[in-house]
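Structure first, commentary second.
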Amino acid sequence: MYWADELASAVDGPQVVNDSKTPSGTVHVGSLRGPVVLDVITRALRDRGVPTTLLYGVDDMDPMDAQALLTPDAVEREMGRPLSQVPDQVGDCHASYARHHAQTFIDIFDGLGIRPDRYYWMSDIYPTGQMDPFIRTALDRAEVVRDLYRRVSKVERPAGWLPISAVCPTCGKVGTTLARDWDGATVAFECLPEYVTWASGCGTTGRIAPFGGAAKLPWNLEWAAQWSLFGVTIEPCGKDLATAGGSRDRSDAIAREVFDREPPRNLAYEFLNIGGRKMSTSKGRGPAAPEIVEVVPPEQLRLLFLRPRPNQAIEFDPDGTDAIPRVFDEFDRLAAAAAGQEVKGELPADADRIFRYALLDPAADLAAEAARYRPAFAHLALLAQIPGVDVAARVAAEKGSALSVEERRILVERLAAVGGWLDSYAPERARIEIRRDALPPEAAALGEDQRVWLGAFARAAETAPPPSGDAWQALIFEVATAAALPAGRAFGALYMAFLGRTNGPRAGWLLASLEPGFVVERLRAAAGWRDHADGASGGTGAHDTAEAAG
Ligand SMILES: [Zn+2]
């Protein structure tokens with residue numbers, strides 16, 4: 001059974017699915033795995049008729065600790081303040097640093113069809129007093145918290161340490177304060193210049209009532225308090241938090257021993273790994289989520305994350321590879337299988353469920369979606385590079401009928417993806433320049449065996465022009481086998497004849513992107529190249545020399 005359906009079949013009663021995130025800065029594309037996992041679980045539950053609420057929280061009371069993302073003059077003032085209090089550093093577009101980065105992230109997963117029933121912002125929750133009962137309990141049970149940190153995570157807190165961070169009334173920092181002496185109404189606090197390395201407190205001391213937004217719980221307690229406050233029953237988390245003795249274990253223990261509640265069901269998920277090369281976000285390539293969503297449309301991006309089981313790491317290295325085209329090909333294979341067509345290669349178990357969950361609209365008609373005409377990514381990548389091609393007309397001709405509104409939308413989406421891929425990620429071999437006017441001069445290097453083969457191939461292609469890239473590919477192999485020419489030399493001859501180089505994109509699809517008449521003409525010219533050059537004085541044309549070569 002598909003993993004999310006498995007989980008959905010194991011629960012009883014209404015469910016609350018939750019995740020929350022600290023809006024600390026730019027979002028790596030791998031951060032989208034969590035929201036996709038969350039969404040698929042929610043859809044699986046609802047498919048089984050389980051009443052389900054999906055929540056998404058923004059932990060924007062967490063202190064600012066990323067110096068690199070601040071302007072130099074802001075570092076001293078802003079480091080250590082709650083993210084909700086730090087001004088927007090990117091522009092004046094949002095009310096705070098937290099709102100800017102959280103909204104960017106929320107917009108991205110909204111585009112992926114992930115629509116929580118409710119978003120909550122911790123900077124809104126604290127002032128309402130909803131966290132106060134949990135703050136009081138945590139302070140009353142501070143000894144239990146200290147003991148539990150020691151037992152679960154081997155973290156030693158000093159005697160008198162309290163699980164609360166006051167917001168300094170003088171400098172507004174929350175990351176720099178230390179609290180002690182809970183008297184049932186107030187705590188003593190100090191804002192320390194050297195409490196943490198990344199921020200400097202102002203030295204203020206005093207007593208405050210730690211309620212109504214005047215203080216925040218440390219992260220592990222805040223997490224467990226969210227579970228109680230919202231009645232969370234399922235919360236997946238990244239494997240970095242799910243290690244033994246790690247953050248999740250700590251919060252689970254806090255839920256049980258401090259807030260007297262069973263923690264939600266966990267589903268730990270692995271990372272998405274980007275290949276080692278050119279990983280820097282500053283280059284505007286690779287890992288940043290906003291850039292990836294420019295190139296990989298929502299349904300393909302959903303597929304990338306939901307196809308593997310959560311406990312499997314995802315290797316995704318789009319730079320200079322076919323990783324992006326492969327996601328499209330896999331999507332198309334699943335669509336074809338869902339439409340009842342025969343597909344190449346092994347299908348994943350539950351292929352129909354995977355296809356359904358990849359679709360943007362949870363209520364989509366599976367059969368109708370599966371039946372839509374989707375031109376192959378590699379084919380479009382070639383068509384897009386050949387001057388003068390009316391791609392929409394060409395695709396409609398290949399389909400054999402007019403494209404539906406939905407199919408035109410898919411085509412536009414794919415052409416945008418192709419453009420982004422060619423601009424930023426595609427390997428050199430995928431970039432082509434067809435020299436239409438004349439045979440590339442490099443074709444002089446073709447061997448005699450290759451010329452003979454090109455002539456035979458031209459005749460076969462003229463007799464029965466292959467209708468698709470796959471059919472062209474099959475014909476290349478067929479004629480090469482008949483001529484006893486190694487496939488590598490056959491493909492090399494084609495690349496030389498059309499591109500003037502020794503490699504290129506899949507040759508069958510390259511030929512399929514060109515008009516059959518031009519293909520045959522070029523094959524003949526290449527087959528007879530030497531004769532043509534020798535015969536310049538004799539006036540033989542390409543067509544004649546091809547016949548001579550045959
Ligand atoms: Zn201070």
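Basis for what follows: all heavy atoms, side chains included, without hydrogens, waters or symmetry-related copies. Counting starts at 1 for both ligands and their atoms, in listed order. Counting from 1, the numbers follow the sequence of the chain as shown.
Side-chain contact check for Asp140 and Trp182: at least one donor-acceptor pair (N or O, by modelled atom type) lies under 3.5 Å.
Only one option out of Asn220, Asp252, Asp240 pairs with Ser247 in a side-chain hydrogen bond (donor to acceptor under 3.5 Å, both in side chains); it is Asn220.
Excluding waters, the set of protein N/O/S atoms under 2.8 Å from the Zn ion (ligand 1) reads Cys168 SG, Cys171 SG, Cys191 SG, Cys202 SG.
A cation-pi arrangement is absent between Arg250 and Trp219 under the rule of less than 6.0 angstrom and at most 45 degrees off the ring axis. In this structure, Arg414 is not positioned above the aromatic face of Phe377 in the sense of NZ or CZ being under 6.0 Å from the six-membered ring centre and within 45° of the axis.
Ring planes of His100 and His94: perpendicular class, angle over 60° (limits at 30 and 60°).
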Step-by-step ring pair (Phe, Tyr, Trp, His ring centres under 6.0 Å) determination, Tyr97 to His101: CA-CA 6 Å; Tyr97 181 93; His101 290 290; 4.5 Å; yes

